[in-house]
Amino acid sequence: MSGDHSHNEDQIDCGSRVNDSHKHKDKYKEKEHKHKDHKKDKEREKSKYGNSDHKDSSDKKHRDKEKEKMKHKDGSTDKYKEKHKEKRKEEKMKSFDEKIKKEKENGFASPPYMKSEPEDDFYHSPKHERSLKRERDVDDNDAEFKPKKIKTENDKKAKKRKQDEDIKSKKTKHKKEVTDGKKKAKKEPEEKWKWWEEERYTDGVKWKFLEHKGPVFAPAYEPLPSHVKFYYDGKHMKLSPEAEEVATFFAKMLDHEYTTKDIFRKNFFKDWRKEMTSEERAKLTDLKKCDFGEMSNYFKAQSEARKAMSKEEKQKIKEENERILQQYGFCLMDNHKERIANFRIEPPGLFRGRGDHPKMGMLKRRIRPQDIIINCSKDSKVPEPPPGTKWKEVRHDNKVTWLVSWTENIQGSIKYIMLNPSSRIKGEKDWQKYETARRLKKCVDRIRAQYREDWKSKEMRIRQRAVALYFIDKLALRAGNEKEEGETADTVGCCSLRVEHIKLYPENEGQEYVVEFDFLGKDSIRYYNRVPVEKRTSILNKHLQELMDGLTAKVFRTYNASITLQQQLKELTTAEENIPAKILSYNRANRAVAILCNHQRAPPKTFEKSMQNLQSKIDAKRDQLADAKRELKSAKADAKVRKDEKSKKAVESKKKAVQRIEEQLMKLEVQATDREENKQIALGTSKLNYLDPRISVAWCKKWGIPVEKIYNKTQREKFAWAIDMAEDDYEF
DNA sequence: CGGTGAACTTAGCAAAGAGACG
DNA sequence: CGTCTCTTTGCTAAGTTCACCG
C-alpha cells in the first residue's frame, strides 16, 4: 500500500457535509468517546488482509464438508417450535401444506443443484441430485458466485451443527413422519427453513415450482353519500362516478402543499378532465373554481371516525386483514411457503413524485385483472381472476422471481409482486451481494492503484473513467445513469454530474484542491460535500467487470459501507462500557455509514419537543440522584452512630438505589446523545441494504449484546441467514 | 454495439401499531 | 384506559444492472 491511501479515513471524514450529524454534539455534554481520528485504519486494514487470506485457505476444506450434507432437511429440530407457535391459520394454507408434503414424496423436494465449478464434481455429487440437474449456462453470471466463499463463515459452526444435526435429523425426521398422521388436525408449523444450508440454482433458474393466489385488488370505488357536495363556481354539481372518484383523490390531498403547485394542478386537471363526461368537461374548465371542501371534510370525518372505532370493530378489521394475509400473503415456492412482500395492487390515486417531478398530479389509474400478468409454474393451480374477469396473460417463466406484474401508466414501467426479504430467493441474492463486496475487498488496493494511474492517461475517456471511479469509491456516489429529460425530476449521480454541480477551488479554507459538490441525488436528496482531493457508465461497468468478476459501481457502495462499519465498530467499542453505551457505539458506526452514503431524513416534526422532553427527564433523574445520594449520606452517618445491623442494611439498600439511578441517568443521557446525533440521519437504509449483517451479528456475539437490540423482528427475519451463520470472529 | 426495457435493489415518508405515560 | 410518542411496517418511487434487439 502506498502512501496515497489514507483512503478509508477519508470515507468517513471526507468533507464538511452540511448536515453533519455531530455538529450539535456539544449541546449535550459529550462524556462519551467521540469519533476518534482514524489514523490507524491503514494498519488495521493490512492486518485484516492477512487474516482473511489466512482464513480462506481453510475455507475450502469446510466447504467440501458442507456440501456432503446438502440434504435439504426441512429443519426439523424442535428448538424452533417455540418461535412458531404464534398465531397461525393453518386451515387456509392447507392446500399449500398438503402440496409441500406431496411433492416431497415425489422426490421433488428441493432445488436441484448444479455446482459452478468443475472440480466440485470431484468432491460431491449425489446421483439423485445429478439426475435433476440442468445444464448450466456457460455465460451465467452466477457461475462466479462462489459457493466456496459463501460457505466460508459458517464453516466452523456448520461443522458443529452438522455433527449434531446429522444425528438429530435422522431421529426427528423419523419422528415427524410417525407423528404426522395424528397431528393432521393441529399441524405443527413448518420449521424455519435454513435455505442457506442448501445448494442454489446456478443456471438462471429461480424456482421449479411456484403457486400463489394472485394479487389483492384495490377496493372498488364507493360513491360519496349524496349530502357530500361538490361545487363549481359556487354552484352544486353532481359528478359522474368516474369524475367523482378522481375528484376525491384531489380532495384527500387538499391540505398538502403540492395541491398548490402549478405543475401538480395542471397535470391533475388535465387527467381529471379525461375522466369526465362530455357535459362535465364542457362545464368544468377552471380548477380554481372547483370547491372540494365538503369532500375534504367528509374524508377527515371518516378518518376521525375510524380512529374512534370501538375495540371490537378494530379487532374485526384486524382479523379480516389477517385473513387476507393468510390467503394471499404467501406462496408456495419449491416446497416452501414463503411470504410475499406486496401482494396488494397499488390503488389508484394521484401520482406524487419526489422532488420537482414533471408528472406530479397525474392520475395513476386503477389496475384491473385484464392488466395483470400472472407468473407461476405450469403444474401449479393458476390463481383465479375475480368473477367475470380475465387475466391479461398467464405465463410460466422460472427465470424470473416475480409472481404478478402490470404496467403502470405514469412512466410506463412495469411493477411487480415479489417475495419478502426473508424468502430464500431474496436472501440468497442479498448474501451474494455481500460476498461480491468481500471479493472487492481483496482487490480494492489494486483497483485504487490503477485508477490513480489512469488519471495520467493521455486518453480523455480513460481519465474520465478513472475520476468517476475515484468518486464512486471515495465518496460512495451512485453510478448515475442517464435519465430521460422531462420524464423525471432532475437528479444525478456520479456519471451524470454536470459542470454546474461542481466547483473547484485550488485552495479553500486552508485545504488545497478542494472539490465542492452540490447536487440532487436519488429521491431528490441534496448531496453537499466539499472534498479535498489529490492533485460516462456502461463503459464504466464494463471496465469494472474486467477488473473483477461481478464488479459494478454499486459494489463499491456496499463494500465501503460494510468495511466502514467494521472499522468503526472496532474503533468505537470499548470493553468497559455497559450495553447502552455499546449500542450508542454501534449506532455511531452505523451513522458513519449513513453519512457516507448520504442517507438523510427530514428531521422528525416533533424533534425539538421530544428532545426537550427527554432533557427534562434527564433533569428529573439528576434531582432524583442527588436526593438518593443525600439519603445515602445520612444513612451512612446514621449507621456510624448506631452501628446496628438494621442501619447497615439501610446503607446497602441506599447504595443500590444510587447505583440504579445512576445507571438510569446514564441510559437517558446516552439516548439523548444518540437521538441528537441522529436528527437528520436515516440509519435504516444502510442497515437494510449496505451493511453485511454478519458484521453486526459478530459484533453482538463478541460483546454479548442480544441481537434484538440491533435488529427488530423484520430485520431478524431478513437476516436469519447471517444470524445463523456468523460467529463472533467473522471478518468482512 | 448502442439503445432500450425488464428485472431487481434501494429509498424516504406516512400510516399503523405498540408501548409509555399520566 | 385514553392519549401521546416512538417504532415498525407498508407503500411505492427511483435508482442500477444486464440481456436483448436491431
Name the pairs: protein N/O against N/O of nucleotides 6-13 of chain C, kept only if under 3.5 Å.
from: C:dC6; atom 1: OP1; to: A:Arg675; atom 2: NH1; distance (Å): 3.1
from: C:dT9; atom 1: OP1; to: A:Thr714; atom 2: OG1; distance (Å): 3.0
from: C:dT9; atom 1: OP2; to: A:Thr714; atom 2: OG1; distance (Å): 2.0
from: C:dA13; atom 1: OP1; to: A:Lys364; atom 2: NZ; distance (Å): 3.0
from: C:dA13; atom 1: OP2; to: A:Lys415; atom 2: NZ; distance (Å): 2.4
from: C:dA13; atom 1: O4'; to: A:Arg354; atom 2: NH2; distance (Å): 3.3

Please confirm whether the shortest side-chain N or O distance from A:Lys399 to OP1 or OP2 of B:dA6 is below 4.0 Å. no
Does A:Ile525 or A:Ile425 map to a spot on DNA chain B nearer the 5' end, using the closest nucleotide for each? A:Ile425
Assign each of A:Lys483 and A:Leu551 the nucleotide of DNA chain C bearing its closest heavy atom; nearer the 5' end lies the nucleotide of A:Lys483
Of all residues at least two apart in sequence or in a different chain, which pass the side chain to side chain contact (heavy atoms under 4.5 Å, CB included) check with A:Glu663? none
Mind checking A:Ala489 for me? I need base, sugar-phosphate or nothing, with any heavy atom below 4.0 Å counting as a touch. nothing
Could you list all N or O pairs between the protein and nucleotides 20-22 of chain C that sit under 3.5 Å apart?
none

Output all residues satisfying side chain to side chain contact (heavy atoms under 4.5 Å, CB included) with A:Thr714, sequence neighbours left out; order by chain, then residue number. A:Asn712
Can you list every salt bridge (Lys or Arg N to Asp or Glu O under 4.0 Å) pair that touches residues 403-417 of chain A, not counting sequence neighbours? A:Glu346-A:Lys415
By nearest-heavy-atom nucleotide on DNA chain B, the more 5' of A:Asn689 and A:Arg601 is A:Asn689
Going by the rule side-chain hydrogen bond (donor to acceptor under 3.5 Å, both in side chains), which residues pair with A:Asn267 if we only count those two or more places apart in sequence or in a different chain? none
Might you work through the side-chain hydrogen bond (donor to acceptor under 3.5 Å, both in side chains) test for A:Lys426 and A:Thr401, ending with a clear yes or no? CA-CA 9 Å; A:Lys426 292 293 183 189; A:Thr401 67; 4.6 Å; no
Would you tabulate the nitrogen or oxygen pairs shorter than 3.5 Å linking the protein to nucleotides 17-22 of chain B?
from: B:dC21; atom 1: OP1; to: A:Lys617; atom 2: NZ; distance (Å): 3.2

Test of understanding: with ring pair (Phe, Tyr, Trp, His ring centres under 6.0 Å), list the residues that count as partners of A:Trp207, not counting sequence neighbours. none
Using side chain to side chain contact (heavy atoms under 4.5 Å, CB included) as the criterion, list what pairs up with A:Arg265, not counting sequence neighbours. A:Phe250, A:Leu287, A:Lys288
Non-neighbouring partners of A:Glu320 that pass salt bridge (Lys or Arg N to Asp or Glu O under 4.0 Å), sequence neighbours left out: A:Arg323
Residue list, salt bridge (Lys or Arg N to Asp or Glu O under 4.0 Å) with A:Arg365, at least two apart or on another chain: A:Asp371
Could you pull out all residues at least two apart from A:Val467 that satisfy side chain to side chain contact (heavy atoms under 4.5 Å, CB included)? A:Trp455, A:Phe471
